[in-house]
Every structure is written in C-alpha cells, then in structure tokens.
Amino acid sequence: MEEYGGGDLLSEAMGSAARVVVVEDCVEAPGAFVLHLLLKRALASCGAAAFLALAQPFSHYDRVLRKMGCNLSLHRRNERLHFFELLGFRGGAREGTIADSFVRLYNEIQRLVEANRAGENASQFTVVIDDASLLEVVALGSVNDVLNFLHYCFALTSEMNCTLVVLIHEDIYADEEKMGLLLHLRYIADLVIKAAPLSTGLAADVHGQLSVVNKGTFREQKAKAQKVWNFHFKVKENGTDFFYPGTRH
C-alpha cells in the first residue's frame with residue numbers, strides 16, 4: 001500500500017509533463033479528493049494557483065486541506081493562492097451578458113498568471129476549476145460560453161506555461177446530445193483521472209477505483225501509445241491511500 005507523496009502511485013501515473021488534467025467522477029465515487037491532492041501538489045515548493053470554486057466556499061477547502069497538512073489561509077495571505085468564490089457567479093452575470101462575465105473572469109486569471117511569471121519569485125502556476133459542470137449551470141446552459149472560457153484558459157497553458165485542472169461530473173452527461181463539454185475536455189486533456197465505484201460493489205476498506213489515462217504531449221503520442229493506470233483508493237480524513245487491486249491487507 002502506498003500513500004500520497006512524492007513516490008506514490010498517483011504521482012507516478014501522472015508524471016510531470018501534463019498541462020491539462022481532467023478529473024471525472026460520479027455520484028457513487030466523488031472525485032473531489034483528487035482535486036484536493038492536486039491543489040496541495042500545485043502549492044508545494046512555492047507554486048501558485050488560481051482556484052475557481054463553484055462547488056464549495058473557501059472555508060470548506062481550507063478545512064479539508066488543513067487536515068492534509070496544507071494551510072490554504074496562509075497561502076492566500078502570501079498571495080500564492082488566489083481564490084475565486086463563484087457560488088454567486090450567476091448573480092454577477094445580471095450586470096451584463098454571461099459572456100461578459102466570463103471575459104472579466106478570464107482577464108483576472110490572465111493578469112494573475114502574467115504577474116506570477118514576471119515576479120521575482122516566478123513559479124509554476126495552476127488554474128483549478130471546481131467544477132466545469134457547475135460552470136455550465138451558472139452560464140444558464142450556454143455550453144458555447146463555457147467552451148469559449150475553457151478555450152482561453154487552455155491557451156494559457158501553452159502561452160504562459162501554466163497548468164489547467166478541471167473537475168467534471170461524468171454521470172450527468174449520459175445523454176449523447178449533451179456530452180459536448182465532457183468530450184471537449186477529454187480532447188484537450190493530457191491526463192484524464194477518472195474516479196469510479198468498484199465493479200464488485202461496496203467494500204469497507206476500498207472506496208473506489210481510479211483510472212489514470214496519460215495521453216502525454218502531442219510529440220510523445222507520436223512515439224508511444226497512451227498509458228493507462230488502474231488502482232484502488234481509500235479516502236481518509238488526512239489524505240488518500242492508493243494501492244493495486246488485491247494488495248490491501
């Protein structure tokens with residue numbers, strides 16, 4: 001059994017070159033714990049992040065990450081974490097069009113990325129979105145507005161050498177006619193991390209299974225096929241255990 005850290009299964013499966021990471025989950029196997037791990041990883045070694053929170057208020061993430069040994073309040077005060085609490089994003093959209101609201105949001109993110117890059121203590125910058133499904137909700141169902149916003153965020157990963165991490169709920173896109181957003185994220189992703197329930201049903205010591213599809217960069221894809229990792233996980237109060245099936249004792 002391996003716990004989350006520098007040499008654990010998730011870090012090994014992810015590698016270090018992914019610019020766009022998409023986390024897929026479902027009701028039976030929520031993937032928020034992966035987002036928390038990736039946020040902690042992004043802030044390690046003086047990294048910086050912009051966190052777009054549509055699912056929970058800051059106090060929730062602060063409480064969860066503190067149990068994992070990551071003080072979000074401190075990172076926020078040190079301007080390493082830039083937290084956008086977007087629970088009321090739809091209300092702000094009433095002052096103009098939804099598209100205008102997305103443009104303002106993107107402009108602020110771009111400003112932060114550029115400032116981080118130009119600063120004396122420039123570091124790797126990560127944009128985290130929790131979650132894309134709720135972006136579609138606050139956009140009043142306008143998939144095009146969400147896709148345009150994600151397109152510009154995606155452009156930052158190549159223009160500014162930053163990382164984009166997005167959580168999306170796969171199970172709400174069961175209807176093929178509504179899968180546009182999910183399919184687009186899968187297309188632009190270098191890495192897809194999917195949380196799912198066990199195929200054998202509920203278990204006391206295993207909360208679900210995780211599949212990591214490392215598509216690699218475009219150049220890497222020419223040389224080798226994408227690699228898929230599969231392992232089980234158990235979410236604990238202060239972190240997550242990852243292990244191969246059948247190795248839990």
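The shown structure was predicted, so the numbers you read here are calculated from the model rather than taken from an experiment.
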With Glu237 as reference, evaluate Lys67, Arg66, Arg63 under the salt bridge (Lys or Arg N to Asp or Glu O under 4.0 Å) test and give the passing residue.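 Answer after filtering Lys67, Arg66, Arg63: Lys67.
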
Among residues two or more places apart or on two chains, list those pairs meeting salt bridge (Lys or Arg N to Asp or Glu O under 4.0 Å) that have a residue in residues 160-170.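 Passing the test, one end in residues 160-170: Glu170-Arg186, Glu170-Lys194.
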
Intermediate values then yes/no, side-chain hydrogen bond (donor to acceptor under 3.5 Å, both in side chains), Tyr173 and Glu24: CA-CA 11 Å; Tyr173 297 96; Glu24 299 181 14; over 6 Å; no

Within this structure, what is the [atom1]-[atom2] distance for the pair [X] and [Y], rounded to the nearest 0.5 Å?
X: Cys70; Y: His36; atom1: SG; atom2: NE2; answer: 11.0 Å
X: Leu65; Y: Asn238; atom1: CG; atom2: CG; answer: 12.0 Å
X: His169; Y: Leu181; atom1: NE2; atom2: CG; answer: 11.5 Å
X: Asn107; Y: Phe102; atom1: CG; atom2: CZ; answer: 13.5 Å
X: Asp130; Y: Ile168; atom1: CG; atom2: CD1; answer: 12.0 Å
X: Glu159; Y: Phe154; atom1: CD; atom2: CZ; answer: 10.0 Å

Donor-acceptor contact below 3.5 Å, side chain [X] vs main chain [Y]:
X: Asn214; Y: Met14; value: yes
X: Lys234; Y: Thr240; value: no
X: Gln124; Y: Asn161; value: yes

Please name all residues satisfying side-chain hydrogen bond (donor to acceptor under 3.5 Å, both in side chains) with [X], sequence neighbours left out, ordered by chain then number.
X: Glu79; value: none
X: Arg76; value: none
X: Thr157; value: none

By ring-ring contact (aromatic ring centres under 6.0 Å, His included) - contacts of Phe83 (at least two apart):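 With neighbours one apart ignored, the set is Phe51, Phe58, Tyr61.
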
Thr97 and Asp100: side-chain donor and acceptor closer than 3.5 Å?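 There is such a pair between these side chains.
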
Can you list the residues that meet the side chain to side chain contact (heavy atoms under 4.5 Å, CB included) rule with [X], with sequence neighbours excluded?
X: Pro30; answer: Asp25
X: Ala29; answer: Cys26, Ala195, Pro197
X: Asn230; answer: Ser211, Val228
X: Ala42; answer: Thr126

[Y] reachable from [X] in the ILVMFWY side-chain graph, under 4.5 Å edges:
X: Tyr187; Y: Ile129; result: yes
X: Val103; Y: Val138; result: no
X: Met68; Y: Leu210; result: yes

Go through the structure and list residues passing salt bridge (charged side-chain N to carboxylate O under 4.0 Å, His left out) with Asp131, not counting sequence neighbours.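 Asp131 satisfies salt bridge (charged side-chain N to carboxylate O under 4.0 Å, His left out) with no other residue.
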
Applying salt bridge (charged side-chain N to carboxylate O under 4.0 Å, His left out), can you list everything that pairs with Arg19, at least two apart in sequence or on another chain?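 Here no residue qualifies.
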
Ionic contact status for Glu114 with Arg111, cut-off 4.0 Å: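 No, Arg111 and Glu114 are not salt-bridged.
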
Atom pairs and distances, side-chain donor-acceptor, residues 140-153, under 3.5 Å, sequence neighbours left out:
from: Ser142; atom 1: OG; to: Asp145; atom 2: N; distance (Å): 3.4
from: Ser142; atom 1: OG; to: Asp145; atom 2: OD2; distance (Å): 2.8
from: Asn148; atom 1: ND2; to: Asn144; atom 2: O; distance (Å): 3.2

